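I have placed the structure first, in the form of structure tokens, so that the comments after it can refer back to it.
No experiment lies behind these values; they were computed from the predicted model shown.
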Amino acid sequence: KEFLVEISGTTVTVTCPLTEGSIAWEFSGTKAASNERKYVIENHDSSPANVSCSSGGKKYEMYLNARVCTNCEELDTLAVSGIIAADLLITFGVLILVYYFSKDRKGRASASAGSRPRGQKMQRPPPVPNPDYEPIRKGQREVYAGLESRGF
């Protein structure tokens, strides 16, 4: 059998698994005044504690490490799922708006002043040859006269 722990604000309620007889509670080594099945801890300070309940010869012990806060809000599953769904819808809406606006802007960007016309591709002239590697032309043989082939 297990303890049932309920937390609301700074109040922690612990329910003992024992059902018969008068129940004696012990909280962090001190005997508690409650003899009921439920033990309520008001203004719990979130410090770990050992909690035990006993009746007759049976004793149940538990290590309680409950975090509590004064300004906490409890949300049910429906509220959390609603928040997540609304966030996803807003995100997809912004994504679609950005897509459509960027799609329209793409058509206007080619008409800007700095862009080249998109007609036929102009042919580039050949690059200027390096003067050190020019081919031999008529009348320029004296430059290369000293480079005669040697016979081996």
Side-chain angles (χ1 to χ4, degrees), residues 1-137 140 143-144:
K1 295 182 179 181
E2 295 180 351
F3 285 90
L4 176 65
V5 179
E6 300 170 22
I7 302 169
S8 177
T10 58
T11 304
V12 179
T13 305
V14 182
T15 305
C16 184
L18 294 171
T19 54
E20 306 106 18
S22 137
I23 297 172
W25 287 93
E26 192 174 320
F27 182 74
S28 292
T30 59
K31 299 269 183 188
S34 176
N35 287 337
E36 298 177 13
R37 188 166 179 237
K38 289 188 176 187
Y39 178 62
V40 179
I41 306 165
E42 296 283 342
N43 298 323
H44 184 58
D45 59 354
S46 297
S47 61
N50 289 316
V51 179
S52 65
C53 65
S54 59
S55 176
K58 294 183 178 180
K59 183 176 182 179
Y60 287 95
E61 294 181 355
M62 173 183 75
Y63 178 75
L64 178 67
N65 190 9
R67 292 210 148 189
V68 296
C69 60
T70 54
N71 298 326
C72 295
E73 286 290 328
E74 294 181 27
L75 294 176
D76 58 339
T77 308
L78 185 63
V80 172
S81 61
I83 291 169
I84 292 172
D87 183 37
L88 287 173
L89 286 174
I90 291 170
T91 303
F92 283 129
V94 169
L95 188 81
I96 290 170
L97 286 174
V98 167
Y99 173 75
Y100 280 115
F101 280 118
S102 68
K103 187 173 159 184
D104 290 343
R105 186 173 303 278
K106 198 185 302 178
R108 283 184 251 145
S110 65
S112 65
S115 65
R116 297 187 342 208
R118 289 219 170 225
Q120 292 179 345
K121 290 185 178 178
M122 304 274 297
Q123 278 191 338
R124 294 176 132 185
V128 178
N130 189 340
D132 293 335
Y133 298 103
E134 285 187 33
I136 299 174
R137 296 185 191 131
Q140 290 183 347
V143 175
Y144 302 103

**Prompt:** Which heavy atom of Val68 sits nearest a heavy atom of Gly9, and at what distance?
**Reply:** CB-O, 3.2 Å

**Glu26 CD to Glu61 CD distance, which is reported to the nearest 0.5 Å** = 8.0 Å

**Prompt:** Rounded to the nearest 0.5 Å, what separation is found between the OG1 atom of Thr77 and the CG atom of Leu75?
**Reply:** 9.5 Å

**Request:** Determine whether Cys53 and Pro17 make a side-chain contact, defined as any pair of heavy atoms from C-beta on separated by less than 4.5 Å.
**Result:** yes

**Asked** Closest approach of Pro48 and Asn65, non-hydrogen atoms and distance?
**Response** CG-OD1, 3.9 Å

**Item:** Shortest non-hydrogen separation from Val51 to Phe3 and the atoms involved
**Value:** O-CZ, 4.4 Å

**Prompt:** Aromatic rings Phe27 and His44: how do their planes relate, parallel, tilted or perpendicular, breaks at 30° and 60°?
**Reply:** perpendicular

**Asked** Which atom names give the shortest non-hydrogen contact between Ser28 and Ala49, and what distance separates them?
**Response** OG-CB, 3.1 Å

**Message:** Rounded at 0.5 Å granularity, tell me how far CG in Leu97 sits from CZ in Phe92.
**Reply:** 13.5 Å

**Complete:** CG of Leu95 to CD1 of Ile90, rounded to nearest 0.5 Å, is 13.5 Å

**Pairs satisfying salt bridge (Lys or Arg N to Asp or Glu O under 4.0 Å), at least one member in residues 35-52, at least two apart** = none

**Prompt:** Just how far is it from atom NZ of Lys59 to atom SG of Cys16, taken to the nearest 0.5 Å?
**Reply:** 11.5 Å

**Separation between OG1 of Thr13 and CD1 of Ile7, rounded to the nearest 0.5 Å** = 9.5 Å

**Complete:** In short, Thr15 meets Trp25 closest at the heavy-atom pair C-CH2, 4.2 Å

